[in-house]
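Inspection log for the structure reproduced underneath, given as structure tokens.
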Amino acid sequence: MPEDHANPGSSSSTATAGAAGDGSAVVQFEDVSIAFDGKPVLQEVSFSVERGQTLVLLGPAGCGKSVLLKLANGLLKPDSGTIRVFGEEIDKLRRREVYALRARIGMVFQESALFDSLNVEDNVAYRLHEERVPEAEAHTRVVEALKFVELEAAIDKFPSELSGGMRRRVSIARAIISHPDLILYDSPTGGLDPITSTTIIELVMKQRDVWHTTSLVVTHRLQDAFILATHRFDPATGGMKLLPKDGADGGIDEGTKFLLLNEGKIVFHGTTEELVRSDDPWVKRYLE
Ligand SMILES: Nc1ncnc2c1ncn2[C@@H]1O[C@H](COP(=O)(O)OP(=O)(O)O)[C@@H](O)[C@H]1O
Ligand SMILES: [Mg+2]
């Protein structure tokens, strides 16, 4: 395992750039297309996510959001186009090289995808066990990750004993355990009630504002997207606070960008202000 992953304070695993990104693309899609059984799912999709940015991916069910994330971590290969992750063409790499790249990516799967037969500690430590990290160190890191998601007390519990929101927290702890340089969140609030959803978005925000980890966040909830765009994690309270409208950034987190997909095509890619001011009829209807 690369040394920098073992050290949360190292400069390479925590972007030193500001939250607005420093112009180096962590994820880059160029004219990416993929079809299943002859049915196009993504069509000539191009966008990039800069270091330190949070790209919120919105769109109706079935429009290709999960497929896009699976392409980004090499679980699927495109039919055409180029996908670069950390500057490497992920679909052209050998299996072992893909694993090395994936070690730098944290993935929060839709529906949490926890192992029912493993307790919280072993679920969170899964990757560390695979990397043969010594047990004592693994335990320390599990506790650290569980503290981050405020779930230390559940370390010995099994997934069946947890609420949906707690399972999502475990899944986030598992994704951040190796201090990834990129996190892919697939519908982290899917299936949760509105209040629990907000607590999960708060965690996504905490990761963004404490570690400045580059992220792709899939959500079907516009509200999640706007909370991320207008709030910042507040270390003083451990919660979030609204960015003041009269601040230098006009009350908008500059590092949060939006990508709207519909029927496999990008209908919008830009900032929060551009999104709310968009004249595009589809975008306007989507925002209603
Ligand atoms: N492995 C697969 N094989 C066949 N079809 C798939 C596969 N994965 C996704 N699809 C199809 O691709 C489309 C987009 O799926 P998905 O990305 O999961 O949508 P969502 O935006 O809801 O996450 C859907 O029509 C889905 O049925
Ligand atoms: Mg999905």
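Note that ligands are numbered from 1 as they come in the structure, with each ligand's atoms numbered from 1 the same way.
The protein reaches atom 17 (O) of ligand 1 closely, with a heavy atom under 4.0 angstrom from it. For atom 26 (C) of ligand 1, no protein heavy-atom neighbour is present inside the 4.0 Å cut-off.
On a distance-only criterion, Ala61 and ligand 1 share no N/O pair closer than 3.5 Å.
Remark: ligand 1 atoms within the under-4.0 Å shell around heavy atoms of Lys39 are 25 (O).
With a 6.0 Å cutoff to the six-membered ring centre and a 45° limit on the axis angle, Arg104 counts as a cation-pi contact of Phe86.
Side-chain atoms of Thr198 and Ile201, non-hydrogen and from C-beta on, never get closer than 4.5 Å to each other. A 4.5 Å side-chain heavy-atom check between Leu101 and Glu88 finds at least one atom pair inside the cut-off.
Ranking protein heavy atoms by distance to atom 1 (N) of ligand 1, first place goes to Phe36 CE2, 3.8 Å. Protein heavy atom at the shortest distance from atom 9 (C) of ligand 1 is Val67 CG2, 3.5 Å.
The hydrophobic cluster containing Val283 also contains Phe226, counting ILVMFWY residues as joined when their side-chain heavy atoms lie under 4.5 angstrom apart, directly or transitively.
Gln53 and Thr214 are not linked by any side-chain donor-acceptor pair at a separation below 3.5 angstrom, with hydrogens and angles left out of the test.
Here Val41 has side-chain heavy atoms under 4.0 Å from ligand 1, and that is the only part of it that gets that close.
At a cut-off of 2.8 Å, Ser66 is counted among the residues with an N, O or S atom near the Mg ion (ligand 2).
Aromatic pair Phe268/Phe258: ring centres not closer than 6.0 Å.
The closest heavy-atom contact to atom 13 (C) of ligand 1, among the options Gly62, Ser66, Gly59, comes from Gly62.
Within the 3.5 Å criterion, the main-chain N or O of Ile227 finds a donor-acceptor partner in the side chain of His231.
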